[in-house]
There are 2 protein chains.
Amino acid sequence: MDEKDDFALQDFLPYLLNRAAEESSLGFQKHYKNRYGMLRTEWRVLFHLGNYGQMTAKEIGSRAKIHKTKISRAVAKLTEKRFVTRTRDESDRRSEHLALTPAGEAAYKDLREHALEFDTQICARFTTGEVAILRYMLRNLAGIEP
Amino acid sequence: MDEKDDFALQDFLPYLLNRAAEESSLGFQKHYKNRYGMLRTEWRVLFHLGNYGQMTAKEIGSRAKIHKTKISRAVAKLTEKRFVTRTRDESDRRSEHLALTPAGEAAYKDLREHALEFDTQICARFTTGEVAILRYMLRNLAGIEP
DNA sequence: GGATATTAGTTGTTTTTGTAACTAACAAGG
DNA sequence: CCTTGTTAGTTACAAAAACAACTAATATCC
């Protein structure tokens with residue numbers, strides 16, 4: 001007989017993580033995509049500004065581990081949409097502080113509502129303890145501190 | 001004061017899942033990319049054939065939830081690399097059975113080794129119980145049965 | 001002060017993906 | 001048979017991502 005596999009692809013963590021991530025993204029995607037014509041990087045930038053307040057492209061990039069070219073283009077799109085304003089830092093004129101406009105704030109709050117609801121819905125399938133473990137492990141795997 | 005946020009972006013599951021997935025992919029990526037010049041879909045197809053044996057593009061697609069155009073292109077690349085052979089199904093000449101060549105089998109085994117090792121390394125950061133919960137939850141989120 | 005290196009951010013070019021339209025083989029109903 | 005519908009897989013074209021090269025401002029060190 002064949003030297004058969006004890007390897008189970010559907011247990012391989014990078015595979016499983018990607019599948020789960022893709023699947024879970026779909027549900028949220030339709031909100032920011034259909035409703036605001038945003039791309040993945042765009043909602044991420046929007047959420048960073050909404051959640052943490054004004055910051056520079058650099059800061060968003062290092063927090064979210066997104067490459068600067070992606071940020072640059074996302075910020076350009078968000079500025080076009082009048083969701084974000086840029087103001088040069090006068091003490092270091094290379095960088096600029098990004099902030100949400102009222103319209104951007106409104107979009108953020110709307111999307112945050114959906115996010116919260118979506119998240120709650122996912123969690124409902126599991127126990128509170130399980131969810132806590134999942135979050136803790138994912139934060140660890142993602143390289144996010146606490 | 002400001003109507004402040006109880007929403008924590010870094011706890012939002014779709015975000016967290018994506019970050020964890022991206023991060024965990026990086027480590028494995030260099031094996032299939034640097035060593036075999038493969039793309040993500042290509043190793044997935046290779047692994048499906050190596051792990052489950054001969055199957056059609058359709059079957060791989062529905063198992064892995066990959067769109068048929070991506071499969072089609074991945075199979076073309078893998079065929080170029082002489083890792084996969086295609087044989088028409090004579091009872092239904094629309095579909096073809098894909099199988100690994102000896103070279104494909106060798107690449108699969110090599111990569112599987114790295115996958116196993118990589119997975120073990122990840123798991124080492126957690127307890128056995130935690131890992132079991134993680135896998136169970138990810139399978140659920142990914143829409144994979146058991 | 002001035003050459004050199006770094007850093008923030010942008011732009012251009014190439015890969016890769018997504019979407020839609022296509023071909024070829026089969027299936028079913030009349 | 002022969003129209004109509006469906007399925008497996010491919011191809012063509014548009015959208016998005018990756019990567020490299022660029023500009024402009026600042027920092028460093030002699």
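Each chain gets a letter, A, B and so on, in the order the sequences are listed, and its residues count up from 1. No hydrogens, no waters, no symmetry mates; every other heavy atom, side chains included, goes into these values.
Panel note: side chain B:N51, backbone A:F7; a donor-acceptor pair is recorded below 3.5 Å. Listed for the B:N18 side chain is a donor-acceptor partner under 3.5 Å among the backbone atoms of B:P14.
Here A:R88 lies out of heavy-atom contact (under 4.0 Å) with every strand.
Note on residues 86-102 of chain A: pairs passing salt bridge (charged side-chain N to carboxylate O under 4.0 Å, His left out), not counting sequence neighbours, are A:R86-A:E96, A:R88-A:E96, A:E90-A:R93, A:D92-A:R94. Annotation: salt bridge (charged side-chain N to carboxylate O under 4.0 Å, His left out) contacts involving residues 36-50 of chain A, sequence neighbours excluded, comprise A:R40-B:E22, A:E42-A:K81, A:R44-B:E22. For residues 115-130 of chain A, the salt bridge (charged side-chain N to carboxylate O under 4.0 Å, His left out) pairs, not counting sequence neighbours, are A:D119-A:R135.
Within residues 17-46 of chain B, the residues approached by DNA chain C to less than 4.0 Å at the level of any non-hydrogen atom are B:L39, in residue-number order. Remark: A:T69, A:K70, A:R73 in residues 59-80 of chain A come within less than 4.0 Å of DNA chain D through at least one heavy atom.
Between A:I133 and B:F126 there is no side-chain heavy-atom pair separated by less than 4.5 Å.
For DNA chain C, the span of nucleotides reached by chain B at under 4.0 Å from its heavy atoms goes, 5' to 3', from C:dT16 to C:dC26.
Side-chain contact check for B:E113 and B:Y108: no donor-acceptor pair (N or O, by modelled atom type) lies under 3.5 Å.
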Would you mind writing out the side-chain donor-acceptor pairs for residues 62-78 of chain B within the sub-3.5 Å range, not counting sequence neighbours?
| residue | atom | partner | partner atom | Å |
| --- | --- | --- | --- | --- |
| B:S62 | OG | B:E59 | O | 3.3 |
| B:H67 | ND1 | B:T69 | N | 3.2 |
| B:H67 | ND1 | B:T69 | OG1 | 3.2 |

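Residues satisfying the ring-ring contact (aromatic ring centres under 6.0 Å, His included) test with A:F118, not counting sequence neighbours, are none. Listed by chain and number, the residues in a ring-ring contact (aromatic ring centres under 6.0 Å, His included) with B:H97 amount to none (sequence neighbours excluded). For A:Y32, the ring-ring contact (aromatic ring centres under 6.0 Å, His included) test picks out A:F28, A:W43, with sequence neighbours left out. Taking B:R19 as the reference, nothing meets the salt bridge (charged side-chain N to carboxylate O under 4.0 Å, His left out) condition, with sequence neighbours excluded.
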Between the protein and nucleotides 23-26 of chain D, list every N/O to N/O distance that falls short of 3.5 Å.
| residue | atom | partner | partner atom | Å |
| --- | --- | --- | --- | --- |
| D:dT26 | OP1 | A:R93 | N | 2.8 |

